[in-house]
**Student:** 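Below is a structure I'd like to ask you about.
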Number of protein chains: 2
Amino acid sequence: MPRVAKPKPAKTPVEPRRRDAAATRQAILNSARKAFAAHGYDGAGLREIAANAGVTAMLVNRYFGSKEGLFEAAIDDAMSDASVIRKGMPDLDSLGAYLAAGVLETTRPDVTPLDGSLMMVRSGSTTNPRVIEIGRKQIEKMHLKTLAAALGGDNAAERAALILSLIAGVQVMRQMIHLTPLAKTSPATLQKLLAPVIQQLADGA
Amino acid sequence: MPRVAKPKPAKTPVEPRRRDAAATRQAILNSARKAFAAHGYDGAGLREIAANAGVTAMLVNRYFGSKEGLFEAAIDDAMSDASVIRKGMPDLDSLGAYLAAGVLETTRPDVTPLDGSLMMVRSGSTTNPRVIEIGRKQIEKMHLKTLAAALGGDNAAERAALILSLIAGVQVMRQMIHLTPLAKTSPATLQKLLAPVIQQLADGA
DNA sequence: CTCATAAGTATACGATCGTATACATCAGGG
DNA sequence: CCCTGATGTATACGATCGTATACTTATGAG
């Protein structure tokens with residue numbers, strides 16, 4: 001078996017779009033977010049991304065210059081809207097419950113969301129150091145900074161980083177490794193265990 | 001730029017080994033552990049693994065059947081010795097400090113250890129579902145089971161899984177994403193923040 | 001010493017990757 | 001209406017991947 005199995009008939013026939021640069025660009029971005037979040041940077045192929053957007057691979061490079069450029073645009077797009085952090089975070093004393101619910105919701109074992117941090121976690125083992133740099137900067141600018149500011153107190157950046165680490169770890173173990181206790185246990189039970197841990201990091205020493 | 005840069009002159013010229021099946025097999029395993037931990041399953045190439053073991057790629061397949069077989073043998077080898085969990089865990093009330101020190105030690109931003117869980121975290125976004133299955137079973141058998149047994153109490157498996165998630169997340173953010181507060185802050189400071197969080201999960205609700 | 005066999009190598013195949021070059025076609029302003 | 005530029009496609013190239021087939025070479029038993 002060379003490489004990997006490829007039963008890829010494309011979920012919907014992708015009816016032809018009237019020529020519209022903006023719409024095409026966004027369609028490519030959506031497809032790229034899905035692919036990068038599902039398979040990581042190295043695992044997602046330009047031809048697959050293009051096909052699911054209803055275009056050819058070369059058009060992707062015409063819009064975004066290269067795969068690196070596409071990744072940068074896609075992670076920027078992802079970080080700007082559908083993230084647990086940033087969209088109206090609650091008071092500090094309910095942050096643990098809020099973030100725990102958020103991570104459990106966005107890492108349901110069956111679906112693959114368009115989340116930016118998930119994209120980055122999955123892309124983390126790429127061989128391309130520039131891709132790591134791109135993602136790290138986005139996470140630090142959008143998630144780390146926001147969260148650290150919301151926390152305050154001593155070592156706010158480090159505590160925020162540990163919260164992000166815990167969230168990333170749950171993403172890894174729940175969605176990528178499919179660790180049984182995280183994949184099978186009810187979200188309510190997990191929430192009760194996870195929330196106070198995040199809250200402890202939020203409150204500080 | 002097709003694929004990825006390849007400045008790979010091999011660190012040491014790898015002097016020829018006297019023909020010895022057992023030694024060759026172990027050399028391949030060591031090289032594989034390093035490569036899988038550094039680049040993940042998809043990112044590590046058989047030719048690179050073979051070269052760093054001083055053999056050719058085909059010999060790897062002769063010893064282990066396939067890349068999948070090599071991964072299975074490598075992760076089994078890794079889990080059997082150099083892991084934070086399993087090697088003489090201390091009393092329950094000092095578990096947080098012990099595991100925090102362990103994860104910070106094995107994820108120093110500069111080195112790439114031969115750790116099995118790191119191999120699996122980095123390999124988590126492979127497109128090969130059998131590889132995920134192999135790694136998941138190893139983690140559950142070697143780490144999760146051991147840790148849950150040491151914890152005891154309600155939801156021991158889930159609490160153990162969350163501890164493993166936190167450890168995996170720190171690995172991701174510290175070694176793969178290179179998140180600044182985790183990469184630059186002193187291990188002592190991080191330890192002081194991380195230990196009580198793990199301890200809280202160890203103690204239970 | 002010899003020689004069967006284990007240990008290791010050389011070469012090639014088919015597939016997939018990112019992307020460069022050249023070509024086709026639609027859409028709107030004149 | 002028409003034609004120019006924007007939008008999109010076809011094809012191909014070089015590289016790398018995992019691995020199958022065929023070959024070479026060293027080693028230890030007799």
Side-chain angles (χ1 to χ4, degrees), chain A residues 1-8 14-28 31-32 35-36 39-74 123 126-128 130-131, chain B residues 1-8 14-29 31-32 35-36 39-74 123 125-128 130-131:
Chain A
M1 173 189 22
R3 290 284 182 149
V4 77
K6 273 279 171 164
K8 281 281 165 63
V14 183
E15 79 281 8
R17 199 182 8 263
R18 184 176 168 78
R19 289 195 174 186
D20 178 342
T24 299
R25 194 188 143 93
Q26 192 58 50
I28 294 174
S31 177
F36 285 136
H39 310 122
Y41 179 80
D42 290 336
L46 281 186
R47 286 174 175 82
E48 170 201 352
I49 292 173
N52 286 337
V55 299
T56 57
M58 269 319 294
L59 201 61
V60 176
N61 268 0
R62 289 247 304 206
Y63 273 75
F64 299 98
S66 66
K67 191 183 183 182
E68 263 181 49
L70 173 65
F71 183 80
E72 185 161 17
S123 301
T126 179
T127 36
N128 186 332
R130 274 200 294 258
V131 169
Chain B
M1 175 188 21
R3 290 288 183 149
V4 76
K6 272 279 173 167
K8 280 283 165 60
V14 183
E15 78 280 10
R17 198 181 9 264
R18 185 175 167 79
R19 287 194 176 186
D20 178 342
T24 298
R25 195 187 142 93
Q26 192 57 50
I28 294 173
L29 277 181
S31 177
F36 285 136
H39 311 122
Y41 180 80
D42 290 335
L46 281 186
R47 287 174 175 82
E48 170 202 353
I49 292 172
N52 286 337
V55 298
T56 57
M58 269 321 294
L59 200 63
V60 176
N61 268 1
R62 290 246 304 206
Y63 274 76
F64 299 98
S66 65
K67 191 183 183 181
E68 263 181 48
L70 173 63
F71 183 80
E72 184 160 17
S123 301
S125 56
T126 181
T127 37
N128 186 331
R130 273 201 295 257
V131 169

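Below, read A as the first sequence line, B as the second, and so on, with proteins coming before strands; counting in each chain starts at 1.
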**Student:** At 4.0 Å (heavy atoms only), tell me whether Ala44(B) reaches a base, stays on the sugar-phosphate, or touches nothing.
**Tutor:** sugar-phosphate

**Student:** From the options dG8(C), dG18(D), dT9(D), select the nucleotide whose nearest atom is closest to the side chain of Leu59(A).
**Tutor:** dT9(D)

**Student:** Counting distance alone, no hydrogens or angles: does the base of dT16(D) have a donor or acceptor under 3.5 Å from a partner atom on the side chain of Arg47(B)?
**Tutor:** no

**Student:** If every non-hydrogen atom of Ala53(A) is compared with every non-hydrogen atom of Ala27(A), which pair is closest and at what distance?
**Tutor:** CB-O, 3.7 Å

**Student:** Has the side chain of Arg62(B) got a donor or acceptor atom sitting under 3.5 Å from an opposite partner on the base of dT19(D)?
**Tutor:** no

**Student:** If only atom types and distance count, is the side chain of Lys67(B) paired as donor or acceptor with the main-chain N or O of Val60(B) below 3.5 Å?
**Tutor:** no

**Student:** Tell me whether the rings of Phe36(B) and Phe71(B) are parallel (<30°), tilted (30 to 60°) or perpendicular (>60°).
**Tutor:** perpendicular

**Student:** Measure from the side-chain N and O atoms of Ser31(B) to the backbone N and O of Ile49(B), and report whether any donor-acceptor pair falls under 3.5 Å.
**Tutor:** yes

**Student:** Quick one: is Tyr63(A) getting a side-chain N or O under 4.0 Å of the dT7(D) phosphate, OP1 or OP2?
**Tutor:** no

**Student:** What is the distance, to the nearest angstrom, from the CG atom on Leu70(B) to the P atom on dC17(D)?
**Tutor:** 15 Å

**Student:** Counting only side-chain nitrogens and oxygens, does Ser66(A) get under 4.0 Å of the OP1 or OP2 atom of dG18(C)?
**Tutor:** no

**Student:** Would you compute the distance between atom OH of Tyr63(A) and atom CD1 of Ile28(A) and round it to the nearest 0.5 angstrom?
**Tutor:** 6.5 Å

**Student:** Among the candidates dT19(C), dA26(D), dG8(D), find the nucleotide nearest to the side-chain atoms of Ala57(A).
**Tutor:** dT19(C)

**Student:** Measure CG/Asp20(A) against C1'/dA6(D) and give the value in whole Å, please.
**Tutor:** 12 Å

**Student:** Find the distance Lys67(B):NZ to dT16(C):C1' and express it as a whole number of Å.
**Tutor:** 13 Å

**Student:** For Arg25(B) and dG8(C), give me the distance from atom CZ to atom C1', rounded to whole Å.
**Tutor:** 16 Å

**Student:** Taking only the side-chain nitrogens and oxygens of Thr24(A), find out if one of them lies under 4.0 Å from OP1 or OP2 of dG8(D).
**Tutor:** yes

**Student:** When the distance from CD of Glu48(A) to P of dA15(C) is rounded to whole Å, what number comes out?
**Tutor:** 19 Å

**Student:** Toward the 5' end of DNA chain D, which comes first, Met58(B) or Ala22(A), by nearest nucleotide?
**Tutor:** Ala22(A)

**Student:** Measure NE2/His39(B) against C1'/dC17(D) and give the value in whole Å, please.
**Tutor:** 15 Å

**Student:** How close or far is atom C1' of dA10(D) from atom CG of Asn61(A), stated in whole angstroms?
**Tutor:** 15 Å

**Student:** Measure CD1/Ile49(A) against C1'/dT16(C) and give the value in whole Å, please.
**Tutor:** 14 Å

